[in-house]
S.K.: 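If you scroll down you'll find the structure; I have some questions about it.
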Amino acid sequence: MPLPRQRPSQRVVLLFGVLLAGIILLVSSYFVWSPSSTGGKKKYKPSKGELADLVQYRDMDESIEEDTIRELFLPTSPVPNRHHSFDELQELVSTIDTALLPSVTIILSYNASIDKLESQLAKIHTQSIRPYSIWIVCETEDGKHFVERQKFPYSNVRILFRHDKTMPLPSTDYIWVLDIGVLPGRHYLEFLLKLGETAEYRNTLLGTGSTAQIRWRQDEVECRKGAKAQGTTAPAQILSGAWLLHRQWLLAAALDSRPDDVPLSYWISRNLGTGGKGIPLIALPKDSKKRSDYALRGVSDKNECTSLVNHFKNTRTLRLEDKLMVAGENASPQKTETMVFLVDRDTMESDWVRLACDMHSNTEDEDSAIHIATMADTIECPSFPSKRIHNMNTRPQWEGEVGVAEMAQQLIRLFRMIDTRVVVYLRDGGILHHAADIAKSIIGEKATLIGLPRESLPYIGWLTDLPLSALAQWHSILIKLIITTEGKDPKPFNRLYNSIQKSQLLDDRIDLMVFMESDLGVRAQRLTEHTVWEHGMKDIRHRIVPAERASMIVEAWYPATNDEYAIVLDDGMEISPLFYIWAKYTILKYRYAMPREDHLYGISLLTPRLLDTTEEARQLFMPPSVTSRAPFLMQTPPSLGGGAIYFPEHWREFHDYMNARVADSSGFRLQSVEIPDLKSRNWTHSWRRYMDELVYLRGNAMLYPNFGNGAGFATRNRLPIESKTNVTAFDISVLPFYTVPLINASFIDDLPDQRLPEFSKLQVLDLWGKTVPSLDALSTRGRDFQKNISACAPTEGYLFDPSDLLCPFARVVKVPASETNEPLPTKTIYLSAHRTV
């Protein structure tokens, strides 16, 4: 439907309204700076209407995005040239249009001298660029009342108290902060604004370089006088006198929280420069022509060194920003790699701090050091060196996204300064938790950040047993849960799945793979399909054609990398809530904390009570070293397959070996592997037969737990389905031997010296549970036996390739001829008599 046309009278009224609004706007903009607008006698009093254009500190529009932080700390483009003489700077800004310069608010400080304040206001009034507003920030409330009684001939002056909790944030693009007594030349502000619009100096803090320089000297802060202004722009540690800030920087500058004994020059330079946001501080060059319109008079750093030295002497612990400021971006690299514990206020009195202290006490590696970054005022750890405790800066305005982004910047700068390799923190919803998550997404390739759930605290004391080199591989490990389920009843799978969900999974990524056998009932199938898995990928496979149990286990997993591990379970089992803690600790300890032992092929979740390897009946098994509770090595895999962690290299070799052996047994039967007195050699269709052969020939072993009363991290509530096809009294009687108590409390105290033993100290047992001197003895036994079953000599070293085990001896093999009388296929080819020239 077309819009109705306006009448001529309506258009006239509309045009008149627009014209009147424009006139009012021009008049009001003129009177903003006209001294006569106040009559020269009326005291300025801000009206309520003027607060409309102010933004409070807690406005989330000031949040800093992750991309901004990434740009600050991981620059992708080269740093532009920032070495210009004063004349070159003049030429650089000559193309900047003055009319397009951004708006600016000027902030002045008042302490006791009204004369200095009036001189500053007079100089500001003569600036070639007029500010949108002038704020006078008073140190005391009495000073504020005194200044309010003055008769300033300017209408855009606002008077504030520095410690006011409701301190607003100016709405202009820039804020120009002037120190007490500093007098700018007429074109100084315009010059700075234009430089801020250039590509070379757009994201820098420009000003007059201070001659005060602070450095470490014998674990103390030293301040000394340095060189004066140079002939070109140059990086500066401290800028003095005046600071032109982007509006987004004002929160980080934290002007309202500056201690009285800290010079304003150091405070702003630290918070925005090396010690805080990492903004480049650039000192302007000396003007050889000494043009007064571009000069900044009244800048004095005479007392800066004295004030700073006194401040640091009265400070018990340097804050992180001060350490970064003193160390500087070009500090010497750390001689040691470090691990950092993040301690929030809510965790300062918990087991978390004690864990950090224990980690420090147990660190024997000279190439690693433990640090604490905390938001707490004190840390209860007397043995911890104070120089390794970093107090993170917190401010009342830091809430929500703003606080998280600012804290993330501090963390990244700390990690860079102390060459951090590993960071551990609690995922408890606090500011450090969220800041660490941001830092992890930015520098995850340079440092390993490990976020642990708070409920895992009682079970992670074993972290102190691992070197940084092992903890740095925390996220390299991918553990997959492989579950096979069969039968009509859905309850067994539901019981196993619920026990997994109640476990301590450390917020790791864990993939779940469920293999439904062909006989699985409809209700069990629907239950499997609708289970929710939030810890990683969930993959479900359904077998159509019935298969033997060997296929169920062996075909369930094939590793993609050498850092992928499988925990094989079946629905007749139930697991301990600490099964993953055991898996993570043992893998890190015996696979990443030391050179990999080639002959360790897996880790069991439970201690066997029966051994079924002898050709006689099953025998009771008694673990060695019952009193010490030390784990042990044994060649035998778990009897029924489930309840073990298998290693990738060995599982691939097992796949290749079993594939070749099954193919040979179904074909020419050239191979003959008969290990004496081994019961599984008669199990034609069992995967155990081929696994037993391989571990015997290679001299491999599996790690077994050894806790009191046979307790373990997995138990069995029923035997596999195929074992029940011919249920006998003996079958029913053995089930209690596979049912063991589950470990539900921390097991660290039950280990010798509260840690896993060194690998070389583990006791070694063979396939029949007999003690042998070492893994080398098992390897020698297997290599000797290989001469009886393979024509190939054992390879030098362990290559995880079974080819040398599968070489048949030369012998005549009868291959039956085909009985068919059909002629062989033929094809007639006609050759041309002509040649192509």
Side-chain angles (χ1 to χ4, degrees), residues 69 73 275 278 317-324 327 331 333-348 350-363 365-381 383-394 404 406-428 430-452 454 456-457 460-461 463-475 506-507:
I69 303 175
F73 295 102
T317 303
L318 283 182
R319 301 194 70 86
L320 172 62
E321 303 96 312
D322 296 313
K323 293 179 181 179
L324 291 168
Q334 298 289 310
K335 295 181 180 180
T336 60
E337 294 180 326
T338 61
M339 176 178 180
V340 179
F341 278 79
L342 303 187
V343 179
D344 216 326
R345 292 190 185 93
D346 296 335
T347 55
M348 59 178 294
S350 70
D351 293 339
W352 188 242
V353 173
R354 286 191 289 274
L355 181 63
C357 296
D358 293 342
M359 193 82 181
H360 165 70
S361 301
N362 294 340
T363 299
D365 187 356
E366 296 180 356
D367 294 330
S368 61
I370 311 302
H371 290 243
I372 292 177
T374 178
M375 295 177 66
D377 295 328
T378 59
I379 292 293
E380 297 298 328
C381 185
S383 64
F384 213 98
S386 59
K387 65 180 180 181
R388 293 184 185 173
I389 299 177
H390 310 282
N391 294 92
M392 310 301 290
N393 188 25
T394 56
V404 170
E406 293 285 353
M407 183 63 72
Q409 292 185 60
Q410 285 202 55
L411 289 178
I412 295 171
R413 300 186 70 79
L414 171 64
F415 300 158
R416 289 177 59 189
M417 183 182 75
I418 61 176
D419 192 18
T420 302
R421 187 171 186 186
V422 177
V423 181
V424 287
Y425 60 98
L426 289 183
R427 302 182 62 84
D428 54 2
I431 185 173
L432 281 177
H433 162 198
H434 295 299
D437 283 348
I438 293 179
K440 180 178 179 180
S441 67
I442 295 175
I443 62 169
E445 296 181 358
K446 298 183 179 180
T448 301
L449 281 80
I450 304 171
L452 298 169
R454 180 183 286 271
S456 68
L457 263 178
I460 56 175
L463 288 178
T464 61
D465 183 34
L466 299 174
L468 262 62
S469 58
L471 292 173
Q473 301 301 318
W474 186 278
H475 299 300
L506 301 181
D507 280 353

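Numbers for residues simply follow the sequence, beginning at 1.
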S.K.: So, does T338 use its side chain to make a donor-acceptor pair with the main chain of I418 at under 3.5 Å?
M.R.: yes
S.K.: Please name the pair of heavy atoms, one in G461 and one in L355, separated by the smallest distance, quoted to 0.1 Å.
M.R.: CA-CD1, 4.0 Å
S.K.: Test of understanding: with ring pair (Phe, Tyr, Trp, His ring centres under 6.0 Å), list the residues that count as partners of Y425, not counting sequence neighbours.
M.R.: none
S.K.: Could I get the full list of salt bridge (Lys or Arg N to Asp or Glu O under 4.0 Å) partners for R427, not counting sequence neighbours?
M.R.: D437, D507
S.K.: Just jot down the side-chain hydrogen bond (donor to acceptor under 3.5 Å, both in side chains) partners of D465, sequence neighbours excluded, or say none.
M.R.: Y585, K589, R755
S.K.: Looking only at heavy atoms, which two atoms of A376 and N391 are closest? And how far apart?
M.R.: O-ND2, 3.2 Å
S.K.: Say whether, by atom type as modelled, one donor and one acceptor occur between the side chain of W352 and the main chain of L342 under 3.5 angstrom.
M.R.: yes
S.K.: OG1/T420 to CD1/I412 distance, rounded to the nearest 0.5 angstrom?
M.R.: 11.5 Å
S.K.: Return the CG to CE distance between L432 and M375, rounded to the nearest 0.5 Å.
M.R.: 5.5 Å
S.K.: What closest approach, in Å, do I379 and T374 show between heavy atoms, and which atom pair accounts for it?
M.R.: CD1-OG1, 3.8 Å
S.K.: Residues in side chain to side chain contact (heavy atoms under 4.5 Å, CB included) with A447, at least two apart?
M.R.: L449
S.K.: Could you grab the distance from atom CG of N362 to atom CE of M359, nearest 0.5 Å is fine?
M.R.: 8.0 Å
S.K.: Roughly how far, to the nearest 0.5 Å, is CE of M407 from CG of D344?
M.R.: 8.0 Å
S.K.: Measure the CG-CD1 distance between L411 and I438 for me, rounded to the nearest 0.5 Å.
M.R.: 9.5 Å
S.K.: Where is the tightest heavy-atom contact between I370 and A356, given as atom of each residue plus distance?
M.R.: CG2-O, 4.2 Å
S.K.: How would you list, by chain and number, every residue that makes a side chain to side chain contact (heavy atoms under 4.5 Å, CB included) with C357, sequence neighbours excluded?
M.R.: V353, C381
S.K.: Which atom names give the shortest non-hydrogen contact between S361 and S383, and what distance separates them?
M.R.: OG-OG, 4.1 Å
S.K.: Between L426 and L457, is there a side-chain heavy-atom distance shorter than 4.5 Å?
M.R.: yes
S.K.: Please report the interatomic distance CE(M392) to CG(L414), rounded to the nearest 0.5 Å.
M.R.: 6.0 Å
S.K.: Which residue is it: I450, L463, V422? I am looking for the one with a side-chain contact (heavy atoms from CB on, under 4.5 Å) to M339.
M.R.: V422
S.K.: Between D428 and H433, which heavy-atom pair has the shortest distance, and what is it?
M.R.: N-ND1, 3.5 Å
S.K.: Looking at side-chain heavy atoms only, is the closest gap between H360 and P385 below 4.5 Å?
M.R.: yes
S.K.: In terms of ring plane angle, is the pair H371 and H390 parallel, tilted or perpendicular, where the classes change at 30° and 60°?
M.R.: parallel
S.K.: Apply the test side-chain contact (heavy atoms from CB on, under 4.5 Å) to residues W474 and L506: give CA-CA distance (whole Å), side-chain angles for both, the deciding distance (0.1 Å), then the verdict.
M.R.: CA-CA 11 Å; W474 186 278; L506 301 181; 3.9 Å; yes
